[in-house]
There are 2 protein chains.
Amino acid sequence: MADVARLAGVSHQTVSRVINGQSNLRPATRLRVEEAIKQLGYRPNSAARALVTRRSATIGVIGSKSGFWGPSSIHRTVQAAGREAGYFVSSVNVPDLTRAAVADAVDHLRDQGVEGIVLIAANDEALDVARAQEAVGIPVVVVEGSLYQARWTVGVDQAAGAELATQHLLGLGHTEIVHVAGPLAWTEARARLQGWQNAMHAAGLRIAPHLEGDWTAESGYRLGGDLVRRTDVTAVFAANDQMALGLLRALWEAGRSVPGDVSVVGFDDIPEAGFLIPPLTTVRQDFAEVGHRAIEMLRAAIADGGPDGDVPDRLVQPELVVRASTAAPRRSKRKAKA
Amino acid sequence: MADVARLAGVSHQTVSRVINGQSNLRPATRLRVEEAIKQLGYRPNSAARALVTRRSATIGVIGSKSGFWGPSSIHRTVQAAGREAGYFVSSVNVPDLTRAAVADAVDHLRDQGVEGIVLIAANDEALDVARAQEAVGIPVVVVEGSLYQARWTVGVDQAAGAELATQHLLGLGHTEIVHVAGPLAWTEARARLQGWQNAMHAAGLRIAPHLEGDWTAESGYRLGGDLVRRTDVTAVFAANDQMALGLLRALWEAGRSVPGDVSVVGFDDIPEAGFLIPPLTTVRQDFAEVGHRAIEMLRAAIADGGPDGDVPDRLVQPELVVRASTAAPRRSKRKAKA
DNA sequence: CTGTTAGCGCATTCAG
DNA sequence: CTGAATGCGCTAACAG
């Protein structure tokens with residue numbers, strides 16, 4: 001910077017003013033300085049700036065190492081939105097979302113001086129850490145966590161999505177609809193379970209016990225092995241597409257046709273969903289929107305720290321994508337068809 | 001830090017020594033300082049440290065927004081390995097790997113003062129930028145790029161993997177093996193194409209023209225629509241699992257059985273591969289290993305800048321995973337079966 | 001083994 | 001509209 005000042009024949013701080021786009025500058029001076037900057041290929045030192053301004057212009061994102069479609073998509077969109085908003089974004093992927101691992105990630109990020117943190121794919125333990133952190137003073141926005149367990153939250157309306165899926169099945173005439181849930185320590189899994197129950201309840205139907213998987217195709221396959229024997233079940237709503245995929249395979253192996261014998265609905269709309277056998281009906285989530293809102297909220301939290309925004313803003317509405325894995329049940333048992 | 005010094009009754013400097021784990025300290029003093037640090041909840045300011053040491057302890061990772069399995073898995077493993085190595089890791093996902101976008105990402109990272117960059121999933125344009133960057137002084141390790149186009153490179157031996165896949169098909173007795181390649185602007189796609197050609201050539205077989213997809217299931221499905229008419233083709237080697245998945249669907253729709261009528265091999269071993277219909281034979285890549293080596297190499301590049309390591313170290317060997325999508329051709333046309 | 005003295009590169013007072 | 005001083009929090013020399 002001293003070099004630039006010398007070359008432009010001005011002082012230190014005039015250069016600083018140019019860089020920070022201050023207004024009180026004679027255009028000629030500014031031009032001269034800009035010229036010198038370009039000529040010398042000068043780049044401001046962000047460490048020095050951070051030291052004096054006490055602003056690192058950096059935010060942290062905590063994700064999980066596991067690489068499920070939803071969380072990792074959100075990680076990407078949050079990253080992109082953060083950068084667009086002018087931040088450097090520093091990521092850390094924890095092996096699992098245990099209290100210790102998340103706390104560790106938070107520490108790492110704090111040491112770097114991040115101004116705020118976005119925590120993705122939160123389960124209960126992770127939420128505890130988030131709450132503690134907020135108390136300590138560094139804003140944490142939780143994505144896809146429960147709205148009631150953290151102050152700053154953004155996410156898709158999971159329950160609404162699950163209701164959409166279930167209602168679709170209901171509308172087709174199904175009454176025996178089983179839910180293959182995700183791990184219930186995850187708030188997302190619980191919200192989807194809840195949505196399914198709500199819809200079943202609203203339709204006046206008996207709510208069969210749900211199954212619980214771990215988001216993987218393997219678990220869907222394994223649980224599908226059990227479901228296959230229950231011939232009363234005409235439809236399954238899986239809490240994500242991976243498990244639905246495993247289910248499809250189990251059904252296929254058992255010689256039960258989809259959607260002839262049983263309809264299957266997933267959740268997420270992974271890019272492959274439309275190319276499964278058969279193409280999967282599922283619930284699409286607008287991850288890009290989630291990413292943007294997360295950053296928006298984080299900025300607000302950093303600037304303000306005050307009361308959070310309106311609840312409606314935190315929820316992104318999902319959308320049902322109907323494909324070929326769902327149809328009316330073969331023999332329509334009429335019963336609770338209102 | 002001044003507070004800590006005061007509380008411990010020592011100087012500035014001694015505190016600094018404790019933090020940096022220097023050896024010349026009386027244990028008693030160290031203990032006293034550590035006590036004070038804990039009591040005050042003191043955390044070193046990394047900006048100040050970066051300013052004086054000229055080391056940010058930060059590295060950058062450039063990935064692509066698209067979210068394909070391979071690149072995003074590597075992104076995660078690189079992130080993890082970087083953190084284990086004591087770095088802060090800052091990510092940026094570019095919309096596409098064009099020259100402009102990558103150059104932009106590099107600039108962003110440089111502004112942050114990263115000590116080095118890992119560039120993931122490189123195509124030709126991105127490689128240009130990487131080379132330019134190396135010349136300018138900031139080390140760039142390219143993952144999955146061509147070994148000949150950049151100095152610091154780590155990756156899976158794509159060609160070897162493709163040969164593995166092709167040889168498997170060959171060993172089963174197939175002679176008409178078509179390759180559905182990835183976008184050939186990607187070095188990975190070219191290497192896999194090359195491996196297939198090598199194996200075909202070595203077997204003394206005619207090399208049919210390849211098809212070119214874009215990594216997506218959709219493209220596999222589309223290209224599969226064409227392949228379906230070519231009844232002479234008994235086996236297809238797809239350059240990734242997504243395209244193989246689309247292919248499976250196209251084949252299924254056309255009523256051609258897999259592996260009865262045609263065998264299919266993929267590449268990547270995505271977690272769902274074992275649960276497709278039928279379970280997919282594919283080539284597995286050890287992404288964690290790639291991530292570790294990338295960081296290892298980046299450290300070397302940062303420290304040294306000198307000659308690169310031995311070529312063997314840059315290549316991770318892939319592994320064939322045989323599942324149910326491959327079998328001997330129905331009518332064995334003997335011809336080049338050695 | 002420990003304290004003292006400088007200065008990293010910048011933004012922020014305050015004067016001109 | 002611009003320049004001169006001051007200090008952010010820390011580490012790197014030196015002294016002692």
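Chain naming here is simple, since letters A, B, ... match the order of the sequence lines and numbering starts at 1 in each.
Rounded to an integer number of Å, the gap from Arg43(B) CZ to dC10(D) P is 12 Å. If you measure from atom CG of Asp111(A) to atom P of dG9(D), you get 16 Å, rounded to the nearest angstrom. The interatomic distance linking Gln22(B) (CD) with dC10(D) (C1') rounds to 13 Å, in whole Å. For Met1(B) and dC8(D), the CE to C1' distance is 13 Å, given to the nearest whole Å.
Taking a cutoff of 4.0 Å between a charged side-chain nitrogen and a carboxylate oxygen, Arg293(B) and Glu289(B) qualify as a salt bridge. The existence of a salt bridge linking Asp107(B) and Arg110(B) is excluded, since no basic side-chain nitrogen approaches an acidic carboxylate oxygen closer than 4.0 Å.
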Does Thr77(B) form a side-chain contact (heavy atoms from CB on, under 4.5 Å) with Val290(B)? I'd like the steps, not just the answer. CA-CA 8 Å; Thr77(B) 64; Val290(B) 172; 5.5 Å; no
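For Thr14(A), no side-chain nitrogen or oxygen approaches OP1 or OP2 of dC1(D) to under 4.0 Å.
For Gln39(A), there are no side-chain hydrogen bond (donor to acceptor under 3.5 Å, both in side chains) partners two or more places apart in sequence or in a different chain.
Smallest separation of non-hydrogen atoms from Ala50(A) and Ser56(A): CB-CA, 4.1 Å.
No more than 12 heavy atoms of other residues, nucleotides or ligands lie within 6.0 Å of CZ in Arg299(B), so this atom counts as exposed by the packing criterion.
Taken from CZ in Arg49(B) to OG in Ser16(B), the straight-line distance is 7.5 Å, to the nearest 0.5 Å. Distance check: Gln158(A) CD to Trp186(A) CH2 gives 11.5 Å after rounding to the nearest 0.5 Å. A distance of 6.0 Å separates NZ in Lys38(B) from CD in Glu35(B), rounded to the nearest 0.5 Å.
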Tabulate below the donor-acceptor pairs under 3.5 Å that side-chain atoms of residues 92-99 of chain A make, not counting sequence neighbours, or state none.
unit_1: Asn93(A); atom_1: ND2; unit_2: Ser64(A); atom_2: O; d: 3.3
unit_1: Asp96(A); atom_1: OD1; unit_2: Thr98(A); atom_2: OG1; d: 3.4
unit_1: Thr98(A); atom_1: OG1; unit_2: Ala101(A); atom_2: N; d: 3.3
unit_1: Arg99(A); atom_1: NH1; unit_2: Asp128(A); atom_2: OD2; d: 2.5

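Heavy-atom distances under 4.0 Å link DNA chain D to Tyr42(B) of residues 28-42 of chain B, given in residue order. Listed by residue number, the members of residues 44-57 of chain B with any heavy atom below 4.0 angstrom from DNA chain C are Leu51(B), Val52(B), Arg54(B). Only Val10(A), Ser11(A), Gln13(A), listed by number, bring a heavy atom of residues 4-13 of chain A to less than 4.0 angstrom from any atom of DNA chain D.
Scanning DNA chain C 5' to 3' for nucleotides with an atom closer than 4.0 angstrom to a non-hydrogen atom of chain A gives a first and last hit of dG9(C) to dT12(C).
Within the 4.5 Å cutoff, the side chain of Val61(B) has heavy atoms near those of the His75(B) side chain. The closest side-chain heavy-atom distance from Ile19(B) to Ile37(B) is below 4.5 Å.
Note: Phe88(B) and His108(A) have tilted aromatic rings, judged against thresholds of 30 and 60 degrees for the angle between ring planes.
Between Arg17(A) and Arg17(B), the residue anchored closer to the 5' end of DNA chain C is Arg17(B), taking for each the nucleotide with the nearest heavy atom.
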